[in-house]
Amino acid sequence: MHIDLICVGQKMPTWVKTGFNEYAKRLPHLNLIEIPLRKRSKNADLARLQRQEGEHTLAAIAQGAYVIALDERGQVWNTVQLAEQFTYWMREYNTVALLVGGPEGLSTACLQRAQQRWSLSALTLPHQLVRIVVAEQLYRAWSIINNHPYHRA
Ligand SMILES: C[S@@+](CC[C@H](N)C(=O)[O-])C[C@H]1O[C@@H](n2cnc3c(N)ncnc32)[C@H](O)[C@@H]1O
């Protein structure tokens with residue numbers, strides 16, 4: 001199964017790239033797709049930018065992919081439950097697309113397109129951090145499924 005992690009935001013600071021790569025390199029078939037984040041000038045129409053970034057996000061979803069929106073209002077899974085979800089995704093789909101929004105969150109169209117919404121917690125996390133947490137948690141779930149000693153219950 002391929003995992004496309006589609007994130008609004010490009011040109012990440014070094015700490016984000018380093019943190020993300022630390023886990024992404026361990027996880028087979030994790031593909032990061034970055035959607036350009038438009039500049040937020042003082043009088044920017046934020047709703048329009050969010051909608052446009054949402055359109056680019058939707059366009060990046062592979063055909064037939066199972067779509068999961070990262071959203072603080074979504075379902076919360078503990079790590080074992082995430083491993084069960086991961087197992088289900090692997091069994092049923094060739095590609096899973098995980099969507100991460102920008103500063104204003106995912107557009108309504110992205111949320112409507114998603115078959116599931118995954119909440120990492122009730123806290124609002126910065127979009128830069130979310131990709132790192134997702135990569136680490138996916139690696140953790142993968143290590144449980146493969147009896148790798150990374151995860152200790
Ligand atoms: C800064 S947050 C956007 C906050 C925005 N006000 C909202 O209500 O979604 C940027 C993105 O990070 C992701 N995100 C932030 N916190 C999250 C959480 N606790 N669980 C899942 N995803 C989260 C979501 O994809 C969100 O669109």
Side-chain angles (χ1 to χ4, degrees), residues 1-24 26-27 29-62 65-90 93 95-145 150-151:
M1 177 185 76
H2 289 272
I3 303 171
D4 288 339
L5 180 56
I6 307 175
C7 301
V8 175
Q10 271 181 328
K11 298 183 187 147
M12 289 292 125
T14 306
W15 68 268
V16 175
K17 289 184 195 161
T18 306
F20 177 76
N21 288 337
E22 178 59 35
Y23 300 106
R26 308 183 200 182
L27 192 61
H29 311 302
L30 176 63
N31 177 34
L32 175 67
I33 300 171
E34 294 184 307
I35 304 299
L37 177 71
R38 303 279 294 279
K39 196 163 182 292
R40 267 62 178 162
S41 57
K42 199 162 159 249
N43 297 318
D45 181 344
L46 297 178
R48 190 167 61 88
L49 293 178
Q50 183 189 30
R51 230 175 15 252
Q52 287 172 344
E53 288 156 1
E55 284 163 14
H56 293 142
T57 299
L58 291 173
I61 297 173
Y66 186 70
V67 180
I68 301 150
L70 270 292
D71 180 25
E72 66 199 59
R73 294 155 293 261
Q75 279 178 279
V76 179
W77 298 312
N78 65 31
T79 299
V80 172
Q81 289 168 331
L82 177 62
E84 287 165 3
Q85 288 292 324
F86 201 121
T87 304
Y88 163 73
W89 300 336
M90 282 197 297
Y93 300 96
T95 306
V96 164
L98 295 158
L99 313 183
V100 179
E104 292 78 30
L106 287 164
S107 69
T108 305
C110 287
L111 292 173
Q112 285 174 347
R113 172 69 179 80
Q115 279 113 321
Q116 276 184 303
R117 294 185 195 186
W118 174 17
S119 169
L120 300 170
S121 82
L123 302 171
T124 301
L125 304 173
H127 66 281
Q128 299 95 327
L129 187 56
V130 170
R131 66 178 69 185
I132 302 174
V133 177
V134 168
E136 194 278 336
Q137 285 298 308
L138 291 177
Y139 173 64
R140 189 176 288 277
W142 179 88
S143 73
I144 290 172
I145 294 164
Y150 177 74
H151 177 72

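Counting convention: from 1, in listed order, for ligands and their atoms alike.
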**Item:** Minimal non-hydrogen separation, S107 against Q50, with atom names
**Value:** CB-O, 3.7 Å

**Complete:** What one should report as the nearest heavy-atom pair of G102 and V8 is N-CB, 3.6 Å

**Message:** Distance alone, cut at 3.5 Å: any donor-acceptor contact between the side chains of Q81 and Q75?
**Reply:** no

Which of the ligand 1 atoms, numbered from 1, are nearer than 4.0 Å to a heavy atom of [X]:
{"X": "E104", "answer": "5 (C)"}
{"X": "L106", "answer": "27 (O)"}
{"X": "W118", "answer": "21 (C)"}
{"X": "S119", "answer": "20 (N), 21 (C)"}

Identity and distance of the protein heavy atom lying nearest [atom]:
{"atom": "atom 27 (O) of ligand 1", "answer": "G105 CA, 3.2 Å"}
{"atom": "atom 15 (C) of ligand 1", "answer": "L125 O, 3.1 Å"}
{"atom": "atom 26 (C) of ligand 1", "answer": "G101 N, 4.0 Å"}
{"atom": "atom 7 (C) of ligand 1", "answer": "R73 NH2, 3.5 Å"}
{"atom": "atom 10 (C) of ligand 1", "answer": "G102 O, 3.1 Å"}

Contact check: [X] vs ligand 1, nitrogen or oxygen atoms, below 3.5 angstrom:
{"X": "L120", "value": "yes"}
{"X": "S121", "value": "yes"}
{"X": "L70", "value": "yes"}
{"X": "V100", "value": "no"}

Compare all side-chain heavy atoms of [X] with those of [Y] and state whether any distance is below 4.5 angstrom.
{"X": "L32", "Y": "C7", "answer": "yes"}
{"X": "T79", "Y": "Q137", "answer": "yes"}
{"X": "R131", "Y": "V100", "answer": "no"}

**Request:** Check the angle between the aromatic planes of W89 and Y66 and answer parallel, tilted or perpendicular using the 30° and 60° thresholds.
**Result:** tilted

**Request:** Can you figure out which of L123, V134, V130, D71 has its heavy atom closest to atom 14 (N) of ligand 1?
**Result:** V130

**Step-by-step side-chain contact (heavy atoms from CB on, under 4.5 Å) determination, L5 to F20** = CA-CA 11 Å; L5 180 56; F20 177 76; 3.6 Å; yes

**Request:** Might you confirm whether atom CZ of R26 has over 12 heavy atoms from other residues, nucleotides or ligands at distances under 6.0 Å?
**Result:** yes

**Asked** Where on A69 is there a heavy atom closer than 4.0 Å to ligand 1, on the side chain, on the backbone, on both, or on neither?
**Response** neither

**Item:** Verdict with reasoning, W142 to H29, per side-chain contact (heavy atoms from CB on, under 4.5 Å)
**Value:** CA-CA 11 Å; W142 179 88; H29 311 302; over 6 Å; no

